[in-house]
Amino acid sequence: MTAKIFSVLVLLATAFLGSTLGAVTWTATPFNPASVPLAVRSPYLSAWLAQGSGTALNGAWPTFWTGSILGWAGFIKVDGVSFSFLGVPSVPGTTFNKATQKSASFTSTQSKFVLSAGAIDLTVTFLSPVEPHDLSKQSMPFSYMSLSAVSTDGRTHTVQLYSDISAEWVSGDNSLGATWSTATGNTFVHQVQLANQVVYSERNDHIQQGSAYYATSNVAGTTFQTGADVTVRAQFLNNGRLPNTQDTNFRAIQDNWPVFAFAHDLGSVGSTAQSRVIALGHARDPAVQYIIANNGRQDRSLFFFSQFATARDALLSFLGDFNDALTRANAFDAQFNSDASKISSDYASIVALSIRQAFGATEITISKRADGSFNTDDALVFMKEISSDGNTNTVDVIFPAWPILLYTNPVLGKFLLAGLFEYQASGQYPNRWSVHDLGAHYPMAIGHNDGRDEAMPVEESGNMLIMTLSYTQKTGDTSLISTYTSLLDQWTQFLISDSLIPANQISTDDFAGPLANQTNLAIKGIVGIGAMAEISRLLGDTTKASNYSFKEPNRLKFGLKAIATSFVQQWQNLAISSDRRHLTLAYGDSASWGLSYNLFADKLLKLNLFPTSIFQMQTAWYKTVAQPFGVPLDTRHTYTKSDWEIWTAGIMTDQAARDLFISSVRKWASDGLSSAIGDWYETTNGNPEGFRARPVVGGHLALLVL
Ligand SMILES: *[C@@H]1O[C@H](CO)[C@@H](O)[C@H](O)[C@H]1NC(C)=O
Ligand SMILES: *[C@@H]1O[C@H](CO)[C@@H](O)[C@H](O)[C@H]1NC(C)=O
């Protein structure tokens, strides 16, 4: 992961927000986060409401994760009086009020806003489903907005609703030309795309391929229109309905801003809520280009294409499924909340905020057989390293996110690792350690046949071994370890030669710089060797298992010569500070220390390689060095990472230390100093560093998988 220029952007955004926004005037449950997920389902369907210290749903435009605007406007008319409820449209020649936001809340899958417009309360629910056990549904890059109006004064009122999206949803460059169309029938579907698409190509992190969709059921009172934003919005504000006409003057996104709108006349609304649902999304085909043998290229499609001929067919099915999807989402939210609340309510709130963000960086794909039919036995998951490098399937980004896969469905983790295994087993990657990623630019997974990927040799080799054993332990499925035994052992040999005394290199926290003899990196390597011992045991190779590591209770009696066991002994002599109060950041530097989050893997895999005394020492130490917003990542800086804070919470031997980490992350997440949800921040004052919307927040689930 690399910081690049995003820290600059975030700092600018923060300065701007700090000067313009006031305090939150509504009830926020469980808290007011830096950014509220609105429609977050894929690297290219990623719409948020940036918050800072508090922005109502009608206080700013929704934005893509980069911060660029996504036009998405909403109005409600109550007894002829107009109010805006979504976005900040300006419509010359008309007058309208702003609805007043009363509350905002989020769960794992939903963000909900209640706004009052005269005597009507409008509930706007943004549902981005998470369907870890249904590959087709999870692969659909679609989301819901439901609008529900109810009278609050015991009387009935006439109510009309309006919403639209702009063509900003299809490109990162608003000077580009777009085309669009509207399908009518039982359902109205607006579809918009770039006039000149470029497959697999991004501009400002938006994909330059595929279409955006905006769809609703054609029930009585539903009307549509496409056209210039001010024209279409004025049409509704003046008339309460739209003329069912299409603007066919195709033009640039920013040329008289074409918008794609629906109006819903709810008629007379009393104390029974009246609701309408809109489905929206962004889909493309093919989705990912993937390297196969002999430097070949394979075009892969989103999984749902195995069940639907077109993205529009899938969208119609998705729209019709709303009631069931909501029931499933509520059950999913309740399960998560119940499990996470057993740790604490602070923890449950952090987890709820992390789920859509983590899954929103992933896509499930399949290949085609020679006859053109889809091969659903060949599922591969791809993850974009959003905001740092934009790489595809970065091993040290999958690794911190791993707990969310382990908890929700480890098979998705297998499909994420499978592409990395297949590629390296093809023999095209020349290094003896594990590759860093499958491709420099998402959505291309075309490998690094020159071997010049960002080198993190100990980090990635250890990560692959740890995740592979973790998957195998969780599922009992030995297919990965039996198919890729020699690759796993190759990486283990590298760790045996290079992890006790790690050379000068970077770890996953590459922004902190390279360093020799990193204590925490050595832990990762040793746990990796221990993982291979266990993998060998599961495969029946007891000689290798005993050579690499002895299992308790024989470790102390017989096993000191086993490699991982002996490394732990030697490592203790190298890694503990001279006053024996803490682990160092690097061997020999007794004044240094850092988060030893890699010990979490020893616990996760139940290897028990490292003695309890080490965990106890770290627990006592962190209590003495915590800053107001948590424990710094290491002594080189005062910043930290929220994912590693929670991983470290998982290795604490007492609850007070564990809760210190949890409450620090919760305090940062709700501090109002950022407009975007990152994972890298200052422990002294809670200010954001770079990084936003990254999948590593899946690591916030670490305490649920121990
Ligand atoms: C790393 O630690 C080993 C063992 O203490 C030492 O021999 C070596 O010089 C150290 N390397 C560096 C670059 O400091
Ligand atoms: C143990 O593993 C090491 C590293 O692979 C190897 O060099 C050594 O020969 C092995 N020892 C035995 C007894 O198999």
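Excluded from the calculations below are hydrogen atoms, water molecules and symmetry mates; all remaining heavy atoms, backbone and side chain alike, are included. Ligands are counted one by one from 1 in listed order, and the atoms in each one are counted from 1 as well.
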Is NZ or CZ of R432 both nearer than 6.0 Å to the six-membered ring centre of F494 and within 45° of the ring axis? no
Over-ring placement of K414 relative to Y471, 6.0 Å and 45° cut-offs: no
Protein contact of [atom] - nearest heavy atom, named by residue and atom, plus distance:
| atom | answer |
| --- | --- |
| atom 6 (C) of ligand 2 | N547 ND2, 4.2 Å |
| atom 5 (O) of ligand 1 | L574 CD2, 3.5 Å |
| atom 13 (C) of ligand 1 | A516 CB, 3.6 Å |
| atom 4 (C) of ligand 2 | Q493 OE1, 3.4 Å |
| atom 2 (O) of ligand 1 | N517 ND2, 2.3 Å |

Numbering as shown, the atoms of ligand 2 that approach Y548 to under 4.0 Å (heavy-atom distance): 2 (O), 5 (O)
Is I563 close enough to touch ligand 2? Criterion: a residue heavy atom under 4.0 Å from a ligand atom. yes
Is there at least one protein heavy-atom neighbour under 4.0 Å from atom 9 (O) of ligand 1? no
Please verify the inter-ring angle class for H637 with Y639; under 30° counts as parallel, over 60° as perpendicular, anything in between as tilted. parallel
Which label fits W593 and Y622: parallel for a plane angle under 30°, tilted from 30 to 60°, or perpendicular past 60°? perpendicular
With T653 as partner, the option from R658, Q616, Q618, M617 fulfilling side chain to side chain contact (heavy atoms under 4.5 Å, CB included) is Q616
Between F511 and F691, is the ring centre distance below 6.0 Å? yes
